[in-house]
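This report refers to the structure that appears directly beneath it.
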Amino acid sequence: MVKKMFRKMIIVSVSLVVLFLFSCKCGQKLVNVDENPLFNDKPAEVGFREYIVNHTIYMVSAMEDGITGRVFVEFLIEKDGSVSNVKIVGSLDPVLDAEALRVVNSSPSWTPGKIDGKPVRISYTLPFKFSLDNMIAPSSKKTELSEETLLLEEIDIKGFSVTKKEKNVTRD
């Protein structure tokens, strides 16, 4: 009983530390940026989060294999509001990496960020956390982020535990 409680305390403590580390740069403006980009006329932390949550698919093969963790995607919002230079800067699994790339690449145009009223390019990094029901995603490998990027708040993509046996069950 004591061991279980101690284990839970450690898991919660580690989770809180990881959450703090990943969120410490969130919401900061880049130096000299008067206006951050907007997504669907909302701040990225709101508008883009909604878009990602509604368009990301936790692949069944990854759920079957119990793959959980974080994928970090870096991208630019160009002066015209388009998304470019989308790349993985913290990999998890090829299937989930590809899904994170797909959904960011499919993003509609943004309202660009501005300095002195003029559009500018802005770099963002978005952590996708893939987790399965009632399982804590393990800490990710250390991910080096460029100093010029704005780290958005992590987005939790929830899946459910699926066994290969369950997948083959058919309904009448």
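One-based numbering along the sequence shown.
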Which residues satisfy the side-chain hydrogen bond (donor to acceptor under 3.5 Å, both in side chains) test with Glu78, sequence neighbours excluded? Ser84, Arg121
Who pairs with Pro119 by side-chain contact (heavy atoms from CB on, under 4.5 Å), at least two apart in sequence or on another chain? Lys79, Pro112
Compare every heavy atom of Ser131 with every heavy atom of Thr68, then report the nearest pair and how far apart it is. CG2-CA, 4.1 Å
Show the nearest heavy-atom pair for residues Gly113 and Ile122, with the distance to one decimal. CA-CD1, 3.9 Å
Results of side-chain contact (heavy atoms from CB on, under 4.5 Å) for Ser61 - residues two or more places apart only: Met59, Val95
Sub-4.5 Å side-chain heavy-atom contact between Tyr124 and Val104: no
Would you kindly say whether Tyr51 and Ser106 are connected by a side-chain donor-acceptor distance under 3.5 Å? yes
At their closest point, which heavy atom of Gly117 faces which heavy atom of Asp34, and how far apart are they? N-OD2, 4.3 Å
Give a yes or no on whether Asp41 atom CG has more than 12 heavy-atom contacts from other residues, nucleotides or ligands under 6.0 Å away. no
Which residues share a side-chain contact (heavy atoms from CB on, under 4.5 Å) with Asp97, sequence neighbours left out: Val71, Ile88, Ser91, Leu92
Restricting to non-hydrogen atoms, name the atom on Glu74 and the atom on Val89 that form the minimum distance, rounded to 0.1 Å. CB-CG1, 3.8 Å
If hydrophobic clusters are built by linking Ile, Leu, Val, Met, Phe, Trp and Tyr wherever their side-chain heavy atoms come under 4.5 Å apart, do Leu101 and Tyr58 end up in the same one? yes
Looking at side-chain heavy atoms only, is the closest gap between Phe48 and Leu126 below 4.5 Å? yes
Partners meeting side-chain hydrogen bond (donor to acceptor under 3.5 Å, both in side chains) with Lys42 (sequence neighbours left out): Glu50
With rounding to the nearest 0.5 Å, note down the distance linking CD1 in Ile57 to CE in Met63. 10.0 Å
Among the clusters formed by ILVMFWY side chains lying less than 4.5 Å apart, do Ile67 and Val60 turn up in the same one? yes
Ile77 vs Phe39 side-chain heavy atoms within contact, under 4.5 Å: no
Measuring only between side-chain heavy atoms, which start at C-beta, is Phe128 closer than 4.5 Å to Thr56? yes
Fit a plane to each ring of Phe75 and Trp110, take the angle between them on a 0 to 90° scale, and name the class: parallel (under 30°), tilted (30 to 60°) or perpendicular (over 60°). tilted
Residues forming a side-chain contact (heavy atoms from CB on, under 4.5 Å) with Asn40, sequence neighbours excluded: none
Any side-chain heavy-atom pair of Thr111 and Glu35 under 4.5 Å: no
Are Val120 and Leu38 connected in the hydrophobic side-chain network, where two residues link if heavy atoms are under 4.5 Å apart? no
